[in-house]
Amino acid sequence: MATIQAPRGTQDVFGKEMTKWHALEDLVRDLCFVYGYDEIRTPQFEHTEVFKRENDSSDVVNKEMYTFIDRGERSLTLRPEGTAGLIRAYVENKLYTSVDLPRKFYYIGPCFRYERPQKGRMRIHHQFGIEVVGEKSPLIDAEVIQLGVDFLARVGLKDTKVLINTLGDKESRIAYRDALKTHFEPSLSELCPDCQRRFIQNPLRILDCKVDAGHPALTSAPNIHDYLNEESVDYFATVCRVLGDSNIEIEVSDRLVRGLDYYSHTVFEVVSVNKEMGSQATIFGGGRYDELVEYFGGPAHSGIGFGMGIERLLVALDAEGIDISVDEPIDVYVMNLGKEVLESSFQFASMCRAAGYRTELDYTGRAFKTQFKSVDRKGAKVVVMVGENELKEGKVALKNIATQEQVTVKIDELVHQLDHWLDENHVCEADQQGE
RNA sequence: GCGAUCGUGGCGAAGUUGGUUAACGCACCGGAUUGUGGUUCCGGCAUUUCGCGGGUUCGAGCCCCGUCGGUCGCCCCA
C-alpha cells in the first residue's frame with residue numbers, strides 16, 4: 001500500500017525546526033507587546049465575499065482561493081490573507097467605537113492559497129501580520145514599517161531592503177488611473193493578455209508587469225508622483241521623513257503597486273537581497289487602505305498593516321546562515337541499573353518532575369551503554385541511577401555529568417541534591433544558617 | 001496556468017551499452033563490558049525493495065507511459 005503524503009504545498013513541522021517557530025512566535029509576542037499591539041484571532045475561513053470583492057483584479061482573490069460550499073448554500077473560503085477577515089471583525093464587533101483609536105492588532109496563523117509550490121511559496125503558509133485601524137497619520141505608517149523592520153533586525157536578518165511608494169488618495173489615484181488609461185490605450189493590443197485585463201480592472205498593475213517590462217509604453221508611462229495632490233504628497237513626504245529620522249533606510253520605488261486592490265497612499269515591501277533567496281524574496285509587504293472598513297459596513301476609518309511570511313522568513317534566515325533554533329537539553333535522566341527497578345525509577349522521575357526538573361527516564365531497562373548514550377544525546381546534567389543495592393537502604397545514586405561527581409543520598413534528599421546541583425538561585429541550608 | 005529537472009534505508013548518497021547477494025558513510029540496535037557511558041573491536045541494520053501504478057523484456061532501480069511529490073525559472077505573492 002502506498003504511503004500517504006501530505007498534500008502538495010503543505011509540510012509537517014517538528015523537532016529542531018519547531019524550536020525556530022517557537023522562537024519567532026515568542027519574539028512576535030514580545031515585540032508587539034512593546035509596541036502596544038494586541039493579538040486577535042479571526043476564523044481561518046470566512047464567507048467568500050469577505051475576500052472576493054467586486055472588481056478585484058488580484059490573482060490571490062481570483063485564481064488562488066480555496067473555496068467550498070458548506071453543506072447547504074453558503075460559499076466559504078479558506079483565508080488567503082489576514083487583512084480582510086480582521087476588518088470584518090473590526091466592523092462586526094464594533095471595535096471602531098473604542099474611545100482609544102486607533103486599534104492596533106497583530107495576528108499569526110495559517111493562510112491558504114492554491115498555487116504551484118516552490119521554495120518560499122506554500123499552499124499553506126503562515127503569516128505574522130499587524131493592522132492599525134481607526135486613525136490615520138503618517139506616524140502610524142512609519143510605526144508599522146518600523147515594527148516590521150525592527151522584527152527582522154531582532155531576528156538577525158541583514159540582507160534586506162525596504163521598498164516604499166505611495167498610491168495617493170482617491171482623487172490622486174483616479175487622476176493617475178485616467179492618465180494611464182489614456183497612455184496605454186493606443187498600444188493595448190501589443191500588451192500581454194494579463195495586462196489587457198489589468199487595463200480594465202486596475203491599470204496601475206500594468207506597471208508591475210514583468211512580461212511587458214521592456215515595452216516602450218511601460219518605460220514611457222506617466223509617473224504616479226506627477227499626479228498626486230498636495231495632501232498626498234505631504235502625507236508621503238512625512239512618512240519618508242519620519243522613517244529617515246528613525247534611521248530606517250528606504251528606497252522609493254515608483255513602480256511598486258502591490259497585489260491587492262484595496263491599497264491607497266503608502267505601500268511597501270521588504271525584500272531579501274540575498275543571492276540564495278530565489279524568486280520568492282518578499283519577506284513582508286503591506287500598505288494603507290482607506291475604503292475597506294466602509295466596504296464592510298463600518299465608518300470611514302482608514303487602516304494600515306503588513307503580512308509577513310514565516311516560512312519565507314525561515315528561508316531568508318537560512319540563506320544568511322542564521323540559525324535561531326535552540327537546544328532544549330533535559331535536566332535529569334533516570335537510569336535503570338537492571339530491569340527489577342523499572343517501576344521504582346518511574347517514581348523517581350515523578351519526583352524530579354514534580355520539583356520542576358525536565359526529566360527523562362529509561363522505560364525498558366536497556367543496556368547501560370545505551371542509556372548513557374541517551375544521557376549524552378539529551379544533554380542531561382544529572383543522572384539518577386536507580387539500583388537495587390541502594391534501594392534496599394532507601395537510597396539512590398546521583399551523578400553530576402559535568403563534574404563526574406557521584407553521591408548516594410537518601411530518597412527524600414533527592415530533590416535537595418538536585419537543587420544543589422541545578423538550581424542557580426538555590427540557597428543551601430548551610431548558607432542560610434550562616435547568616 | 002506554462003517550461004525544466006529530480007524522487008534509492010531514519011539521513012547523506014553509489015548504482016547506463018537493462019542481467020545480483022542494491023556499495024559506502026552517518027545514525028540506530030546488540031555483544032565483548034546485564035552496576036557505570038561517550039574510545040576500540042565484532043555483529044545486526046532496504047528480509048520480492050529502489051515515490052506510486054501500469055507497460056516493454058527471458059530479465060528493469062536503470063527503457064516507455066501515466067500519476068504523486070520535491071526543486072528551479074516564468075507567473076504570482078507572504
Side-chain angles (χ1 to χ4, degrees), chain A residues 1-11 15 57-65 79-83 107-129 148 152 192-195 198 205 208-213 256-260 267-272 276-286 305-316 333 335-341 362 364-380 383-391 396-399 401 404 406 408:
Chain A
M1 140 132 174
T3 54
I4 300 174
Q5 299 169 294
R8 177 166 225 199
T10 69
Q11 63 179 345
S57 68
S58 69
D59 283 1
V60 170
V61 171
N62 290 300
K63 300 183 191 168
E64 301 173 357
M65 298 210 299
R79 69 172 177 213
E81 50 115 359
T83 303
Y107 59 86
I108 182 164
C111 294
F112 310 81
R113 293 183 193 175
Y114 186 85
E115 294 186 277
R116 186 87 175 258
Q118 229 173 85
K119 185 165 63 174
R121 184 215 266 172
M122 308 290 288
R123 287 184 173 180
I124 298 181
H125 73 280
H126 295 74
Q127 283 191 27
F128 154 45
L152 297 188
C192 76
D194 274 335
C195 281
R198 291 171 182 135
R205 303 213 63 223
D208 225 7
C209 182
K210 313 295 188 293
V211 176
D212 294 323
L256 179 68
V257 299
R258 303 282 308 152
L260 287 320
V267 291
F268 55 91
E269 214 165 90
V270 174
V271 300
S272 170
E276 311 282 306
M277 269 307 277
S279 55
Q280 314 302 326
T282 301
I283 298 168
F284 73 90
F306 68 68
M308 181 183 295
I310 301 295
E311 285 84 351
R312 207 168 273 186
L313 175 60
L314 255 10
V315 171
Y333 190 93
M335 255 180 79
N336 291 296
L337 304 182
K339 289 188 192 299
E340 307 75 20
V341 300
D362 171 67
T364 56
R366 302 126 83 208
F368 305 131
K369 179 175 178 171
T370 306
Q371 292 192 44
F372 266 117
K373 281 195 173 180
S374 286
V375 169
D376 290 335
R377 270 199 302 273
K378 293 172 186 295
V383 175
V384 173
M385 287 182 284
V386 184
E388 261 188 313
N389 299 343
E390 292 85 343
L391 230 41
V396 66
L398 299 183
K399 185 167 187 170
I401 296 299
Q404 290 291 85
Q406 183 167 331
T408 301

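The figures that follow rest on heavy atoms only: side chains count, while hydrogens, waters and symmetry mates do not.
Nucleotides B:C52 and B:G61, compared at atom C1', are 14 Å apart to the nearest Å. The gap from the C1' atom of B:G15 to that of B:A22 amounts to 8 Å, rounded to the nearest Å. Comparing B:U17 with B:A27, their C1' atoms are spaced 37 Å from each other, to the whole Å. Taking atom P on both B:U67 and B:U21, the two are 35 Å apart, rounded to the nearest angstrom. Taking atom P on both nucleotides, B:C50 is separated from B:G9 by 10 Å, rounded to a whole Å. Rounded to a whole angstrom, the distance from the P atom of B:G19 to that of B:U5 is 24 Å. A distance of about 15 Å separates the P atoms of B:G43 and B:C26, rounded to the whole Å. For the C1' atom pair drawn from B:U48 and B:G38, the interatomic distance equals 40 Å after rounding to whole Å.
Rounding to whole angstrom units, CD of residue A:Glu115 and C1' of B:G70 are separated by 16 Å. Atoms CZ (A:Arg116) and C1' (B:C75) sit 11 Å apart, rounded to a whole Å. Rounded to an integer number of Å, the gap from A:Leu256 CG to B:A78 P is 11 Å. Atom pair A:Lys369:NZ and B:G30:C1' shows a separation of 9 Å (rounding to whole Å applied).
Closest to the A:Arg113 side chain, of the nucleotides B:A78, B:U36, B:C74, is B:A78.
Ring geometry for A:Phe284 versus A:Phe306: interplanar angle of 30 to 60°, hence tilted.
For A:Gln127 and A:Tyr114, each mapped to the nucleotide of RNA chain B holding its nearest heavy atom, the one lying further toward the 5' end belongs to A:Tyr114. In terms of position along RNA chain B, the nucleotide closest to A:Ala397 lies nearer the 5' end than the nucleotide closest to the other residue of the pair A:Ala397 and A:Met308.
No engagement by A:Leu313 is indicated, since no non-hydrogen atom pair under 4.0 Å with the nucleic acid exists. Within the 4.0 angstrom heavy-atom criterion, no nucleotide atom of any strand lies near A:Lys339. Using a 4.0 Å heavy-atom criterion, one finds that A:Gln404 contacts the bases of the nucleic acid, with or without backbone contacts as well. Within 4.0 Å of A:Gly9, counting heavy atoms only, lie sugar-phosphate atoms of the nucleic acid but no base atom. In this structure, A:Gln371 reaches neither bases nor backbone, as no heavy-atom distance under 4.0 Å exists between it and the strands shown.
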